[in-house]
Student: 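Have a look at this one.
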Amino acid sequence: MKQLVIMPGGFHPFHAGHYALYQSAQEAFPGADIKVAATNDTSQRPFPFKIKEKLAQLAGVKSSNFYQVKSPFRAEEITKNYNPEDTQLIFVRSEKDAAKPPQAGGIKKDGNPAYLQPLAGQDVLYPMNRHAYMTYLPTVEFGPGMTSATEIRTAWPTLNDKRKTALVMSLYPKTQTNLKLAATVVKMLDTAIGEQLNEFLPALGAALGGRLAASTELGTLGTLGMRVAGHEIGSDIEDQLNNNTDYIEEKWSQKYKSSINCASPRGFSQRAHCAGRKK
């Protein structure tokens, strides 16, 4: 019988801990289809689906495995692609979320077991036309001892530019050798989290060689209404990912670059420079 494993969540933002959970699901359920379910709801959190999708891609999740859904714990946009009579449905969450709803188990009013059941302790797994199952995998720390997107959003406004860049490089290792991409992600997080928004908008427009569209308003960020010279921020991230170019600080002198000891580089910028040397 086929197994469909769905990782539901808010992902505000998608980060290294989410990707670690995704990898743990791949290891725990070899041969299963592993999908991520996210909404476009920004009523209580700042990140629209398109930004979540790009950050998940940056973290390492294929875009074909990242779905926009109305309800993560129903995920009908995913399950409709599977035969309910021969597919086992398993939802995967982090252990830190074990006390959060929805909870698996319980009995319906008619005396039968509820549809969503805990995976642990099951001797027989039924197809999803009868039951779905919930399991929890270890929570992984990332960055400076963080375990959740809430901690990122809380800490972000307190960080200076250097620490923001360091955190981004921890959350998305691909940015460690692409300083322009790291800077783009920092600016995007500044915007989504609400830090220095008024300063960021014209600066990004200048950086991308154009002006912000007249329709850009603070409220439109929830639906990714921000466009600069015809570019969406998410598209800019994707373009830089595809280009896979190393960007080294232009103001560095050749003498300084030559003085860098790549056997023991200091800081993310020097590590990025040395990574570029090796290519």
Side-chain angles (χ1 to χ4, degrees), residues 1-41 45 47 49-50 52-142 147-149 173:
M1 189 174 292
K2 192 173 187 65
Q3 282 191 335
L4 170 61
V5 176
I6 296 179
M7 178 179 153
F11 311 121
H12 293 274
F14 194 98
H15 54 65
H18 292 137
Y19 184 59
L21 180 62
Y22 179 80
Q23 290 180 304
S24 295
Q26 290 178 317
E27 295 174 2
F29 302 98
D33 285 356
I34 314 294
K35 307 294 183 181
V36 183
T39 73
N40 192 43
D41 183 6
R45 295 290 187 274
F47 290 86
F49 176 80
K50 288 186 178 180
K52 296 177 188 179
E53 183 182 32
K54 297 309 177 186
L55 291 179
Q57 179 188 2
L58 184 59
V61 178
K62 292 182 179 179
S63 59
S64 59
N65 290 333
F66 200 85
Y67 282 74
Q68 180 175 335
V69 301
K70 290 183 179 179
S71 175
F73 287 94
R74 293 179 63 89
E76 294 175 348
E77 295 83 352
I78 301 174
T79 60
K80 69 180 182 181
N81 299 314
Y82 294 83
N83 185 342
E85 297 181 353
D86 68 4
T87 304
Q88 296 166 347
L89 175 58
I90 301 169
F91 290 99
V92 170
R93 304 184 78 182
S94 173
E95 286 179 344
K96 69 179 178 59
D97 297 323
K100 295 181 180 179
Q103 295 288 305
I107 303 295
K108 296 187 291 186
K109 291 181 179 179
D110 62 7
N112 290 315
Y115 178 69
L116 185 61
Q117 291 291 311
L119 181 65
Q122 299 289 342
D123 295 325
V124 177
L125 297 186
Y126 294 98
M128 65 180 179
N129 63 348
R130 182 168 175 178
H131 284 299
Y133 301 91
M134 182 85 78
T135 191
Y136 300 91
L137 297 176
T139 299
V140 175
E141 287 190 358
F142 55 88
T147 61
S148 72

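Along the sequence shown, the residues carry numbers beginning at 1.
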Student: Residues in side-chain contact (heavy atoms from CB on, under 4.5 Å) with Glu76, at least two apart?
Tutor: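 Scan of Glu76 (side-chain contact (heavy atoms from CB on, under 4.5 Å), adjacent residues dropped) gives Arg74, Thr79.
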Student: Within the supplied structure, the quantity of interest is the number of heavy atoms (other residues, nucleotides, ligands) at a distance under 6.0 Å from Lys108 NZ; does it exceed 12?
Tutor: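 It does: Lys108 NZ has more than 12 such atoms within range.
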Student: Among residues at least two apart in sequence or on other chains, which ones pass side-chain hydrogen bond (donor to acceptor under 3.5 Å, both in side chains) with Thr135?
Tutor: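 Counting only residues at least two positions away or on another chain, Thr135 forms no side-chain hydrogen bond (donor to acceptor under 3.5 Å, both in side chains).
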Student: Nearest heavy-atom pair of Phe11 and Ala38: which atoms, and what distance?
Tutor: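 Smallest heavy-atom distance, with atoms named: CD1-CB, 3.7 Å.
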Student: Show the nearest heavy-atom pair for residues Val92 and Pro8, with the distance to one decimal.
Tutor: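 Looks like O-CD, 3.3 Å.
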Student: Looking at every heavy atom in both Ile107 and Pro113, which two are closest together, and how far apart are they?
Tutor: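 So the two residues come closest at CD1-CA, 3.9 Å.
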Student: Apply salt bridge (charged side-chain N to carboxylate O under 4.0 Å, His left out) to Asp33 and list each qualifying residue two or more places apart in sequence or on a separate chain.
Tutor: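 Salt bridge (charged side-chain N to carboxylate O under 4.0 Å, His left out) list for Asp33, sorted by chain: Lys2.
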Student: Could you pull out all residues at least two apart from Gln117 that satisfy side-chain hydrogen bond (donor to acceptor under 3.5 Å, both in side chains)?
Tutor: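 For Gln117 there are no side-chain hydrogen bond (donor to acceptor under 3.5 Å, both in side chains) partners, ignoring immediate neighbours.
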Student: List for me each residue that meets side-chain contact (heavy atoms from CB on, under 4.5 Å) alongside Ser63, sequence neighbours excluded, and say none if there are none.
Tutor: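 Partners of Ser63 under the side-chain contact (heavy atoms from CB on, under 4.5 Å) test: Glu53.
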Student: Salt bridge (charged side-chain N to carboxylate O under 4.0 Å, His left out) with Glu95: which residues, sequence neighbours excluded?
Tutor: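 Partners of Glu95 by the salt bridge (charged side-chain N to carboxylate O under 4.0 Å, His left out) criterion come out as none, since no residue qualifies.
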Student: I need the Phe91 CZ to Leu4 CG distance, nearest 0.5 Å.
Tutor: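 That separation rounds to 8.0 Å.
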Student: For residues 65-73, dump all side-chain donor-acceptor pairs below 3.5 Å to protein atoms at least two apart in sequence or in another chain.
Tutor:
unit_1	atom_1	unit_2	atom_2	d
Asn65	OD1	Lys35	NZ	2.9
Asn65	ND2	Tyr22	OH	3.1

Student: Rounded to the nearest 0.5 Å, what separates atom CD1 in Ile6 from atom CD1 in Ile78?
Tutor: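 The distance works out to 4.5 Å.
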Student: Please name the pair of heavy atoms, one in Val5 and one in Ala32, separated by the smallest distance, quoted to 0.1 Å.
Tutor: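 Looking at all heavy atoms of both residues, the closest pair is CG2-CB, 3.8 Å.
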Student: Residues two or more places apart in sequence or in another chain: which of them pass side-chain hydrogen bond (donor to acceptor under 3.5 Å, both in side chains) with Ser94?
Tutor: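 Expected list: Thr139.
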Student: Which pairs would a plain distance check flag for residues 123-134, meaning a side-chain donor or acceptor within less than 3.5 Å of a matching protein atom at least two apart in sequence or in another chain?
Tutor:
unit_1	atom_1	unit_2	atom_2	d
His131	ND1	Ala114	O	3.1
His131	ND1	Tyr115	O	3.0
Tyr133	OH	Tyr126	N	2.8

Student: Which residues satisfy the salt bridge (charged side-chain N to carboxylate O under 4.0 Å, His left out) test with Asp97, sequence neighbours excluded?
Tutor: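 Once residues adjacent in sequence are excluded, the partners of Asp97 under the salt bridge (charged side-chain N to carboxylate O under 4.0 Å, His left out) criterion are Lys100.
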Student: With Val140, which residues qualify under side-chain contact (heavy atoms from CB on, under 4.5 Å), at least two apart?
Tutor: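 Residues passing side-chain contact (heavy atoms from CB on, under 4.5 Å) with Val140: Ala20.
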Student: Between Glu85 and Asn83, which heavy-atom pair has the shortest distance, and what is it?
Tutor: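 Heavy-atom minimum between the residues: N-OD1, 2.9 Å.
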Student: Any side-chain to backbone donor/acceptor pair from Gln103 onto Ala98? Under 3.5 Å, distance only.
Tutor: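 Yes; at least one donor-acceptor contact below 3.5 Å.
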Student: To the nearest 0.5 Å, how far apart are OG in Ser148 and CZ in Phe142?
Tutor: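 Those atoms lie 6.0 Å apart.
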Student: Less than 4.5 Å apart, side chain to side chain, heavy atoms only: is that true for Leu89 and Tyr82?
Tutor: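 No. Closest side-chain heavy atoms not under 4.5 Å.
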Student: Just to verify, what does Lys80 make a side-chain contact (heavy atoms from CB on, under 4.5 Å) with, not counting sequence neighbours?
Tutor: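 Result, side-chain contact (heavy atoms from CB on, under 4.5 Å) vs Lys80: none returned.
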